[in-house]
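Note that the structure is a prediction, hence the values are computed from the model and not measured. So you know, we letter chains A, B, ... as the sequences are listed, proteins then strands, and number each from 1.
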There are 2 protein chains.
Amino acid sequence: MQNTNKNTNTTPELLLENQLCFTIYACSREFTKLYQPHLDKIGLTYSQYLVMLVLWEKKQCTVKELGEALFLDSGTLTPLLKRLQAAGWILRERSLQDERKVLISLTEKGAALQSEAACIPAKMAEGTMLSSDEFVDLLGQFKGLLGRIHEANISASKK
Amino acid sequence: MQNTNKNTNTTPELLLENQLCFTIYACSREFTKLYQPHLDKIGLTYSQYLVMLVLWEKKQCTVKELGEALFLDSGTLTPLLKRLQAAGWILRERSLQDERKVLISLTEKGAALQSEAACIPAKMAEGTMLSSDEFVDLLGQFKGLLGRIHEANISASKK
DNA sequence: TTAAATTATATTGTGTGCAATACATTATAA
DNA sequence: TTATAATGTATTGCACACAATATAATTTAA
């Protein structure tokens, strides 16, 4: 990408417009903003919606498994899960086999919420105006990037 | 993308693995994590680093201009800028022409910090192991997507 | 079969991120 | 010129995000 900035005092590597990370960061927040009006209707925040996506798939899992799926730690998940419990969407129960583990499962009400969320992906596709092919292509590329960065973080944490 | 999930109770649109937004969201947080050890050395958080990138380019701007560049609102920027001021990197002054505006500029110390940050982009390139071509390609794709979503949000807010 | 290491979750503190609101200033129009 | 609207920033409240720490349970190894 050509650097079209007039400023010659800053190296191109430090120009905001050349930051891949910033573009992704801004993209993520703008995407969340696009979801919000639809999530408001069913009473979920974006992070809560992600947790529910996992639970609609798996029915039951531990906090640790949720964290691995969503790349979130327990310090983020614990209060979030307590709010989902208070709203009546999920149950939190200690495992009888291993009392360190907290098992998360759906309530009837939480399972039923899936049908109300079913229309959201179509609304998002409409908003972004991506064709199916473009969507699949972008998803594949971003997953590849996510894998690389995740690996880089794992190897960095081992030092 | 082929849906390889065994679960047949969930529509593919609601599977976590098929969420473009989640992939970007996770990507963004993993990227921030990759920056952190390097930013720790110069005493900046990731968001503060982004503000400094803008100031190293523009030398002076208003809070509103910063928000437009970074897609952040004043509710996020004001406390962040106060911390940068407390650390001695920047100055915050009311405009004499229009007293609603707050002008942000670098201190000597803040300007000097740029040379310490200069090595960070290379460290990130090393961590992600992206070739120059791949980097440029991804940046272009993300910028295109960001533009689309930002437009979608603007038109949604007009309703 | 204890002691030590590992594992899993909770708690605390700092720093965003943003909607809603408030407030002051400037611009516009009747 | 005086309402009125628009603009720009600050404040408040809620929800993450994560590092550091604490606590408890399990595993392992001596």
5'-most contact on DNA chain D: A:Tyr46 or B:Leu103, nearest heavy atom basis?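 Its nearest nucleotide lies further toward 5', so the answer is B:Leu103.
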Could you tell me how far apart [X] ([atom1]) and [N] ([atom2]) are, to the nearest whole angstrom?
| X | N | atom1 | atom2 | value |
| --- | --- | --- | --- | --- |
| B:Lys64 | D:dA10 | NZ | C1' | 15 Å |
| A:Arg29 | C:dT16 | CZ | C1' | 10 Å |
| A:Ile104 | C:dA8 | CD1 | C1' | 13 Å |
| A:Leu72 | C:dT9 | CG | C1' | 15 Å |
| B:Leu80 | C:dC18 | CG | C1' | 14 Å |
| B:Arg94 | C:dC23 | CZ | C1' | 10 Å |
| B:Lys101 | C:dC23 | NZ | C1' | 18 Å |
| B:Gln48 | C:dT16 | CD | C1' | 10 Å |

Do [X] side-chain atoms and [Y] backbone N/O form a donor-acceptor pair below 3.5 Å?
| X | Y | answer |
| --- | --- | --- |
| B:Glu13 | B:Asn18 | no |
| B:Trp56 | B:Gly110 | yes |
| A:Lys123 | A:Leu34 | no |

Tell me whether the side-chain N/O atoms of [X] come closer than 4.0 Å to OP1 or OP2 in [N].
| X | N | result |
| --- | --- | --- |
| B:Arg92 | D:dA10 | yes |
| A:Thr45 | D:dA15 | no |
| B:Lys82 | C:dT14 | no |

Between [options], which nucleotide has the shortest distance from any of its atoms to the side chain of [X]?
| X | options | result |
| --- | --- | --- |
| A:Ser47 | D:dG8, D:dA17, D:dA10 | D:dA17 |
| A:Arg83 | D:dA15, D:dA10, C:dG15 | D:dA15 |
| B:Val102 | C:dT16, D:dA10, C:dT11 | D:dA10 |

Decide if the gap between the ring center of A:Tyr25 and the ring center of B:Phe31 is smaller than 6.0 angstrom.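 Aromatic pair excluded; centres sit 6.0 Å or further apart.
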Nearest-nucleotide 5' precedence on DNA chain C, A:Glu65 against A:Glu30: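 Between the two, 5'-proximity favours A:Glu65.
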In terms of relative ring orientation, are B:Phe71 and B:His150 parallel, tilted or perpendicular, with 30° and 60° separating the classes?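 Because their plane-to-plane angle is over 60°, the rings of B:Phe71 and B:His150 count as perpendicular.
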Mind checking A:Thr32 for me? I need base, sugar-phosphate or nothing, with any heavy atom below 4.0 Å counting as a touch.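 Contact class for A:Thr32: none.
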So if I define the base as every atom that isn't primed, P, OP1 or OP2, how would nucleotides 19-26 of chain D read as a B/S/- string at a heavy-atom cutoff under 4.0 Å? B----BBS
With a 4.5 Å heavy-atom cut-off, do A:Leu66 and A:Ile104 have their side chains touching?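 They are in side-chain contact.
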